[in-house]
Chemist: 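Can you keep this structure in mind? I'll have questions shortly.
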Amino acid sequence: MTDDDLTAQVWAESRRSWPLPGSGSGQTAARFEGLADLGARDLSLAKLVEPHHDADAILAELGSQRPGPDELWAVWAAEVPTARLRASGSGDRWELAGAKAFCSGAEMVTHALLTAEEDGAGKGEEGGRLFAVDVQRARSEGEIVVGPADWVGAGMRRSDTRTLEVRGLAARPVGGPRDYVARPGFWHGAAGVAACWLGGARAVAGLLERTAGRRELDPHAAAHLGAMTALLDSATAHLHAVAGRFDADPDDLAGSARRDALSVRATIVSTAEAVLLRSGRALGPAPLAFDAEHAQRVADLAVFIRQHHGERDLAELGRLVGRPEDRA
């Protein structure tokens, strides 16, 4: 897929009407399967489309104006010590200054939701305040300077992830100081990203499935295919069960959304890691060397699932199990 093809598909998929997650409509599983389908087609496509629909859900949940028909949104909420973004102002008049890392689609999107540290906020406060910005205007006026394309790895390179330099960027607050991370939808969105990972894992496993349809596998390859099938089926069932609980309790009155999201993300990551290992053992080096599509899927999946925070997320899940009163 060329860059132009990817851009066209991103815009086409962002125009689709998607059910909001955890809306009580009973359609969150369908939303997650839509995200998984995108991941199975192309993880870079999913990486650029999922944030647009996530931004729509965030804006709806926080009572703000939702994306227009000619807008493509991103959600840039990564917090890294080397790229700090500060917010100053009051009311509806705010300015952002500093740097923001891991901004996917930096030269493609028209608008974005960004997290920034509010002046006067206490050190160590979880998350940042959320702001909406007109990226297209800011790029043209020099309020946002897109950094160089210095992504050196093959995995997820086409998602155009850059670091931004921000200079006096006019911004509109969305919700209050902690509303972005405190809302139930934060965890609905976290599970949605995992649905993209699941789709990518299905696609990587798909090559061995197609191979089995053309010829009989040796016993070891057949065992790997069986194991991958069982893992993917289990991860899918877990994702659908979580979707059902989100729909049954959209306001998270039971305080279980955080635990559910952390659990299903861990399940899907471990499944994806097993698929990468088992497909490689079953197929050998040839597809990675001569099948460009498969090699790209493997590289993309290996990078994308690193958005999971590994043992930190597992430790948080363990604390929630041990101290259920901390779930809210």
Chemist: May I ask you to decide whether R86 forms a salt bridge with D119, counting only side-chain N to carboxylate O separations under 4.0 Å?
Modeler: yes

Chemist: Treating D54 as the side-chain partner and G189 as the backbone partner, does any N or O pair qualify as donor plus acceptor under 3.5 Å?
Modeler: no

Chemist: With E316, which of R265, R259, R258 fulfils salt bridge (Lys or Arg N to Asp or Glu O under 4.0 Å)?
Modeler: R258

Chemist: Quick one: do the T110 and R137 side chains pair a donor with an acceptor below 3.5 Å?
Modeler: no

Chemist: Same cluster or not: are F32 and L20 linked, directly or through other Ile, Leu, Val, Met, Phe, Trp or Tyr residues, by side-chain heavy atoms under 4.5 angstrom apart?
Modeler: no

Chemist: Please check if the side chain of R66 supplies one atom and the backbone of L59 the other of a donor-acceptor pair under 3.5 Å.
Modeler: no

Chemist: Please check if atom CZ in R93 has more than 12 non-hydrogen atoms from other residues, nucleotides or ligands closer than 6.0 Å.
Modeler: no

Chemist: Could you give the side-chain donor-acceptor pairs of residues 190-207 under 3.5 Å, partners two or more places apart or in another chain?
Modeler:
from : atom 1 : to   : atom 2 : distance (Å)
W197 : NE1    : F304 : O      : 3.4
R202 : NH1    : E33  : OE1    : 3.0
R202 : NH2    : E33  : OE2    : 3.1
R202 : NH2    : T236 : OG1    : 2.9

Chemist: Is there a donor-acceptor pair under 3.5 Å between the side chain of D252 and the backbone N or O of A257?
Modeler: yes

Chemist: Quick check for you: to the nearest 0.5 Å, what is the distance between M228 atom CE and L277 atom CG?
Modeler: 10.0 Å

Chemist: Hey, are R129 and E118 close enough for a salt bridge, meaning a charged N less than 4.0 Å from a carboxylate O?
Modeler: yes

Chemist: For E293, I'd like to know if atom CD has over 12 heavy atoms of other residues, nucleotides or ligands within 6.0 Å.
Modeler: no

Chemist: Would you please indicate yes or no on a ring centroid separation below 6.0 angstrom for F102 and W76?
Modeler: no

Chemist: Output yes when R41 and E13 qualify as a salt bridge under the 4.0 Å nitrogen-oxygen rule, no when they do not.
Modeler: yes

Chemist: Rounded to the nearest 0.5 Å, how far apart are CH2 of W18 and CZ of R31?
Modeler: 7.0 Å

Chemist: Salt bridge between R306 and E273, side-chain N to carboxylate O under 4.0 Å?
Modeler: yes

Chemist: Under a 3.5 Å threshold, yes or no: a donor from one side chain and an acceptor from the other, between W11 and Q9?
Modeler: no

Chemist: Can you list the residues that meet the side-chain hydrogen bond (donor to acceptor under 3.5 Å, both in side chains) rule with R278, with sequence neighbours excluded?
Modeler: H224

Chemist: Which pair of non-hydrogen atoms, one from I305 and one from A272, has the smallest distance, and what is that distance?
Modeler: CG2-CB, 4.0 Å

Chemist: With a sphere of 6.0 Å drawn around CZ of R281, does it hold more than 12 non-hydrogen atoms of other residues, nucleotides or ligands?
Modeler: no

Chemist: Just checking, is any N or O donor in the side chain of T161 or K47 under 3.5 Å from an acceptor N or O on the other one?
Modeler: no

Chemist: In Å, rounded to the nearest 0.5 Å, how long is the span from CG of D249 to CG of D247?
Modeler: 10.5 Å

